[in-house]
Structures are given as C-alpha cells and as structure tokens.
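Computed from a predicted model, the values in this text were never measured in an experiment. Counting starts at 1 for both ligands and their atoms, in listed order. Count residues from 1 along the sequence.
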Amino acid sequence: MKKLLLGAALAALSTGATAQTIGFSQIGSESGWRAAETTVTRNEAEERGIDLRFSDAQQRQENQIAAIRSFVAQGVDAILLAPVVATGWDSVLEEAKEAEIPVVLLDRQVDSSKELYLTAVGSNLVHEGEVAGQWLVDNKPEGECRVVELQGTTGSSPAIDRATGFRNAIEGADNIEIVRSQTGDFTRSGGKEVMESFLQAEGGGDNICALYAHNDDMALGAIQAIKEAGIDPGDDILIVSIDAVPDIFKAMAEGDANATVELTPNMAGPAFEALASYMESGTEPPKFIQTDSTLYTQDDDPMAEFEKRKDLGY
Ligand code: GZL
C-alpha cells in the first residue's frame with residue numbers, strides 16, 4: 001500500500017505536486033568530491049520537489065546507523081545511503097526493510113545481502129584502479145618503478161576495490177612494484193602526512209617513481225608534501241589518482257599531477273529515477289547502476305576541464 005501511495009505521489013511530482021520525503025545518510029565532507037556529491041544530491045532533490053532530510057555522519061558508521069533509524073522512525077518514503085565502510089549494515093537495513101522503506105546505496109557498496117537494498121548507484125571501483133594502473137604501465141619511465149600508494153578509508157569498498165584494480169593492471173608489467181601503502185582516509189591532510197612519512201622512510205624521493213592515490217584529495221595533499229621536500233611532483237614522482245576534482249586539473253595544468261580517473265558526483269539523479277519507476281510501476285531496477293570512469297591526463301586541456309567543474313560544489 002505504502003509503495004502505491006508513494007508511487008502515485010512521485011508520479012504526481014511531475015505535475016509539481018507535494019514533495020516526498022527522502023532521508024540521505026551522507027558519509028561526511030572528507031573530500032572535494034564528497035562535497036560535490038552532497039551539492040548535486042540537494043540540487044537533484046530540489047528539481048524533483050523532494051523533501052531531502054540530510055545527515056552528515058562525519059565518517060562514523062555509528063552516526064549513519066543512527067540516522068537511518070531516525071529516518072525509519074520519521075516514516076520517510078525512501079533512504080539514500082553512502083556507506084562509509086562495507087560491513088556492519090545487516091540489522092539496520094533489515095529494520096528499513098521491515099518498515100517497507102526502500103534503501104538506495106550511493107557511490108560505495110555494502111557486504112549485506114542484495115535483498116536489503118533496492119539498488120546501488122556507483123562506478124566500477126575495480127575498473128577505476130585498473131585504468132589508473134594501466135596509465136602508469138603505459139607511461140612509467142624506463143627501468144624500475146617503485147610505487148607508493150595512498151589508500152582510501154580502511155574497510156571501505158573504494159579502498160578495497162581500487163587497490164585490487166591497480167594491482168590487476170600492474171601484475172603483468174615489468175619493473176613496477178608497490179613498495180609502501182597506507183591509508184590517508186581520503187583527506188588532503190591525510191595524504192600530506194602519509195606522503196611525508198613515505199619520503200622520510202625512503203630517504204627522499206630518489207627511489208620513488210610514482211604515487212597512486214585512491215582519490216585526488218590525498219594526491220593534492222601529497223603534492224604539497226613532495227614540493228616542500230624540494231622534489232618536483234609530476235616529473236620526479238608521477239602522480240595518478242581518482243575523482244577528477246577541479247583542483248587536480250589545476251595541478252595538471254601546472255605539471256604537478258599526471259592523470260585522474262573521473263567519478264561523477266551525480267549518483268542521486270539515477271537513484272531518484274530508479275525510485276520513481278519502482279514506486280510508480282513497481283519496476284525493480286537492476287541491483288547495480290554503473291556510472292562511467294573516464295581517464296584524463298595533461299593532454300586533455302586541464303584548465304578547460306577545471307572550468308567545467310569549478311562551480312559544481314567541490
Ligand atoms: C568513491 C567515493 C570516494 C571518493 C572520495 O566512490 O566513495 O569517497 O573517491 C570520497 O573522494 O571520500
């Protein structure tokens with residue numbers, strides 16, 4: 001019954017009828033990309049007349065679980081969840097299912113049964129790592145290439161899958177080896193601090209050929225550390241990362257970064273469309289709605305790409 005009521009209401013949305021209420025449990029604002037995802041989600045909800053109840057978990061799973069329980073208690077019509085880590089969601093997702101409130105995952109995955117959520121909107125995180133790794137295979141200097149890796153939040157699906165993908169790509173290549181790997185928690189400050197420790201441990205940058213960072217924000221923090229050590233990022237140490245935030249294109253234009261793999265901040269658009277057709281006509285969406293992963297390098301007019309993205313809320 002609830003589904004039909006919401007379906008009729010969402011269908012009426014196209015005629016500017018009353019808003020539906022959707023809870024959004026967002027991880028936090030740890031990166032420029034995350035800030036853009038929040039901005040885009042708010043815009044997409046506003047365009048559809050959706051009443052979006054927003055919760056910022058400050059990267060703590062317990063806050064996300066509490067937010068979902070609160071949304072259930074409020075009787076929202078649907079829940080968007082960007083899960084900070086992949087495990088520990090079964091019971092709260094069961095509660096949402098019990099309450100007949102559909103949950104849509106945004107940008108990260110959970111280990112729970114697929115029956116506990118309507119669909120997941122995101123990129124192929126393993127493929128992103130493979131694209132980044134293949135760029136390095138194709139562009140590394142002659143000889144040995146010792147790589148340091150800044151991983152995302154420990155236990156998150158992007159950290160797990162982007163590590164796997166990069167290793168898939170370099171596996172068959174000669175002379176590429178990951179020699180140090182540590183989480184920078186997807187933040188610029190984390191990237192800077194860990195890169196400083198890598199440089200200290202390696203006695204400088206002479207033995208580091210490349211940095212692979214699971215997101216651009218950690219790469220940007222690392223670039224600062226590399227410069228402060230008197231080393232030339234983008235030349236002495238190649239920099240490849242993921243997200244395609246505006247500032248990485250500025251760094252590319254200055255020769256300080258080499259490649260990024262784009263992750264769209266608009267996961268909410270496809271999520272709202274899937275919810276609308278599910279509610280209006282009971283159409284079950286696929287369990288995974290995949291977004292694109294495009295490689296950008298210094299050859300792709302970085303300042304033009306910066307201009308395209310600079311006002312999107314990063
Ligand atoms: C990946 C997404 C990641 C971004 C980071 O899908 O969850 O989280 O790559 C963000 O910038 O912190």
Side-chain angles (χ1 to χ4, degrees), residues 24-41 56-61 63-64 80-87 89 104-111 117 119-133 149-166 183-192 194 211-223 239-249 251 257 259-271 288-296 309 312-314:
F24 177 21
S25 172
Q26 177 60 296
I27 290 172
S29 52
E30 73 281 359
S31 69
W33 182 89
R34 183 69 55 195
E37 184 190 47
T38 295
T39 301
V40 170
T41 302
D56 176 333
Q58 275 132 45
Q59 286 192 282
R60 299 170 67 90
Q61 182 177 29
N63 291 345
Q64 291 200 282
L80 302 182
L81 168 65
V84 60
V85 292
T87 55
W89 300 99
V104 176
L105 304 181
L106 300 186
D107 82 80
R108 294 188 186 179
Q109 298 284 346
V110 297
D111 288 354
Y117 56 86
T119 185
V121 181
S123 60
N124 179 330
L125 296 157
V126 172
H127 176 62
E128 291 173 330
E130 288 167 345
V131 171
E149 179 188 32
L150 287 168
Q151 294 204 339
T153 301
T154 303
S156 69
S157 59
I160 295 163
D161 291 350
R162 287 173 178 172
T164 301
F166 188 86
T183 182
D185 212 14
F186 282 130
T187 66
R188 286 198 192 200
S189 57
K192 184 172 189 290
V194 175
L211 163 67
Y212 167 49
H214 290 188
N215 82 331
D216 293 341
D217 280 61
M218 293 190 291
L220 290 161
I223 286 167
I239 311 284
V240 55
S241 54
I242 300 171
D243 278 352
V245 302
D247 284 351
I248 204 69
F249 289 108
T260 187
V261 183
E262 183 170 42
L263 177 71
T264 176
N266 189 358
M267 308 283 182
F288 181 50
I289 299 171
Q290 184 172 326
T291 60
D292 295 338
S293 305
T294 307
L295 177 72
Y296 289 90
R309 294 164 175 79
L312 293 181
Y314 284 93

- Please check if the side chain of Gln64 supplies one atom and the backbone of Ser25 the other of a donor-acceptor pair under 3.5 Å. yes

- From the list Asp56, Thr41, Thr38, side-chain hydrogen bond (donor to acceptor under 3.5 Å, both in side chains) with Gln26 holds only for Thr38

- Item | Parallel, tilted or perpendicular: ring planes of Tyr296 versus Phe249, cut at 30 and 60 degrees | perpendicular

- Can you name the salt bridge (Lys or Arg N to Asp or Glu O under 4.0 Å) partners of Arg108, sequence neighbours left out? Glu30

- Task: Answer yes or no for Gln109: is there a heavy-atom contact with ligand 1 below 4.0 Å?
- Result: no

- Query: Shortest non-hydrogen contact from Asp217 to Phe186?
  - Reply: CB-O, 3.8 Å

- Message: For atom 1 (C) of ligand 1, what is the closest protein heavy atom, and at what distance to 0.1 Å?
- Response: Arg162 NH2, 3.3 Å

- Any heavy atom of Met218 under 4.0 Å from ligand 1? The part involved is neither

- Of the protein's non-hydrogen atoms, which lies at the shortest distance from atom 10 (C) of ligand 1, and what is that distance? Glu30 OE2, 3.3 Å

- Atom pair CG (Asp216) and CD1 (Ile223), whose distance is rounded to the nearest 0.5 Å: 8.5 Å

- Item | Close approach, Thr187 and ligand 1, non-hydrogen under 4.0 angstrom | no

- From Asp107 atom CG to Leu263 atom CG, the distance as rounded to the nearest 0.5 Å: 7.0 Å

- Where is the nearest protein heavy atom to atom 6 (O) of ligand 1: which residue, which atom, and how far? Asp107 O, 2.8 Å

- Just which atoms of ligand 1 are under 4.0 Å from any heavy atom in Leu263? 1 (C), 6 (O), 9 (O)

- Message: Under a 4.0 angstrom heavy-atom cut-off, which atoms of ligand 1 come close to Phe186?
- Response: 5 (C), 12 (O)

- Under 4.0 Å to a heavy atom of Arg108 - the qualifying atoms of ligand 1, by number: 2 (C), 3 (C), 7 (O), 8 (O), 10 (C), 12 (O)

- Message: Please work out, at 4.0 Å between heavy atoms, whether the side chain, the backbone, both, or neither of Asp243 comes within that distance of ligand 1.
- Response: side chain

- Message: Could you report the tightest heavy-atom contact between Ala163 and Tyr212, atom names first, then the distance?
- Response: N-OH, 4.4 Å

- Task: Taking only heavy atoms of Leu125 into account, list the atoms of ligand 1 that are under 4.0 Å away from them.
- Result: 6 (O)

- Message: Suppose I only count heavy atoms of Arg34 and a 4.0 Å limit; which atoms of ligand 1 are within that range?
- Response: 2 (C), 3 (C), 7 (O), 8 (O), 10 (C)

- To the nearest 0.5 Å, how far apart are CG in Leu220 and OG in Ser241? 7.0 Å

- Pick one of side chain, backbone, both or neither for how Asp217 approaches ligand 1, counting any non-hydrogen atom pair under 4.0 Å. neither

- Per-residue contact class, Ile27 against ligand 1 - non-hydrogen pairs under 4.0 Å: neither

